[in-house]
Enquirer: 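Below: one structure in structure tokens.
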Amino acid sequence: TTQWIKAIPLADVPDEDVIAVQAGDHEIALYGVEGSVYATANLCTHGNARLCDGFLTGHEIECPLHQGRFDVRDGRALCSPLRDNLATYPVRIEDGMVFVAL
Ligand code: FES
């Protein structure tokens with residue numbers, strides 16, 4: 001069953017940038033892109049790097065360690081050295097709060 005976890009106020013999601021939040025026992029990266037909010041796992045699928053320390057360009061987050069890039073909308077790995085896609089999570093905005101489905 002889907003569990004919606006209250007993450008942070010919508011106002012705290014940075015525009016065109018990424019922020020890490022704790023949702024239950026998951027560490028999630030939230031991205032503000034052109035007025036929408038996307039959520040993915042925060043840990044890179046390639047190694048021990050946190051995507052909240054990476055660089056967001058449009059819908060692409062670049063890992064700070066080896067510059068692998070993921071599409072934050074569907075978690076797709078876009079280039080080497082990445083092989084595995086990133087987990088993504090549905091996002092809901094309600095009463096000015098961001099909820100993430102785990
Ligand atoms: Fe992210 Fe290597 S740890 S690309």
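Note that the coordinates shown come from a computational prediction; the quantities given were computed from them, not determined experimentally. Whatever order the structure lists ligands and atoms in, that order sets their numbers, starting from 1.
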Enquirer: Suppose the criterion is ring pair (Phe, Tyr, Trp, His ring centres under 6.0 Å): which pairs have a residue in residues 32-51, not counting sequence neighbours?
Expert: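 Every pair satisfying ring pair (Phe, Tyr, Trp, His ring centres under 6.0 Å) with a residue in residues 32-51: Y38-H59, H46-H66.
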
Enquirer: Donor-acceptor pair, distance only, cut-off 3.5 Å: does the side chain of E16 make one with the backbone of G58?
Expert: no

Enquirer: Which residue supplies the protein heavy atom nearest to atom 3 (S) of ligand 1, what is that atom called, and how far is it?
Expert: G47 N, 3.4 Å

Enquirer: Answer yes or no for H66: is there an N/O/S atom below the 2.8 Å cut-off from atom 2 (Fe) of ligand 1?
Expert: yes

Enquirer: At their closest point, which heavy atom of L30 faces which heavy atom of A39, and how far apart are they?
Expert: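 What the structure gives for the nearest pair is CD2-CB, 3.6 Å.
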
Enquirer: When you measure from atom 1 (Fe) of ligand 1 to the N, O or S atoms of C44, does any of those distances fall below 2.8 Å?
Expert: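 Looking at C44, which is the residue asked about, there is an N, O or S atom under 2.8 Å from atom 1 (Fe) of ligand 1.
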
Enquirer: Checking one value in my table: which N/O/S atom of H46 lies closest to atom 2 (Fe) of ligand 1?
Expert: ND1

Enquirer: Which of the numbered atoms in ligand 1 are under 4.0 angstrom from any heavy atom belonging to L65?
Expert: 3 (S)

Enquirer: So W4 and E94, do their side chains get closer than 4.5 Å, heavy atoms only?
Expert: no

Enquirer: Within the distance-only criterion (no hydrogens, no angle test), does the side chain of T45 pair as donor or acceptor with the backbone N or O of D84 below 3.5 angstrom?
Expert: yes

Enquirer: Is the shortest side-chain heavy-atom distance between C44 and L82 below 4.5 Å?
Expert: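 Yes, close enough: below the 4.5 Å cut-off.
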
Enquirer: Within the 4.0 Å heavy-atom shell around C63, which atoms of ligand 1 are there?
Expert: 1 (Fe), 3 (S), 4 (S)

Enquirer: Short list, please: which atoms of ligand 1 are under 4.0 Å from a heavy atom of L82?
Expert: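 Close to L82: 4 (S).
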
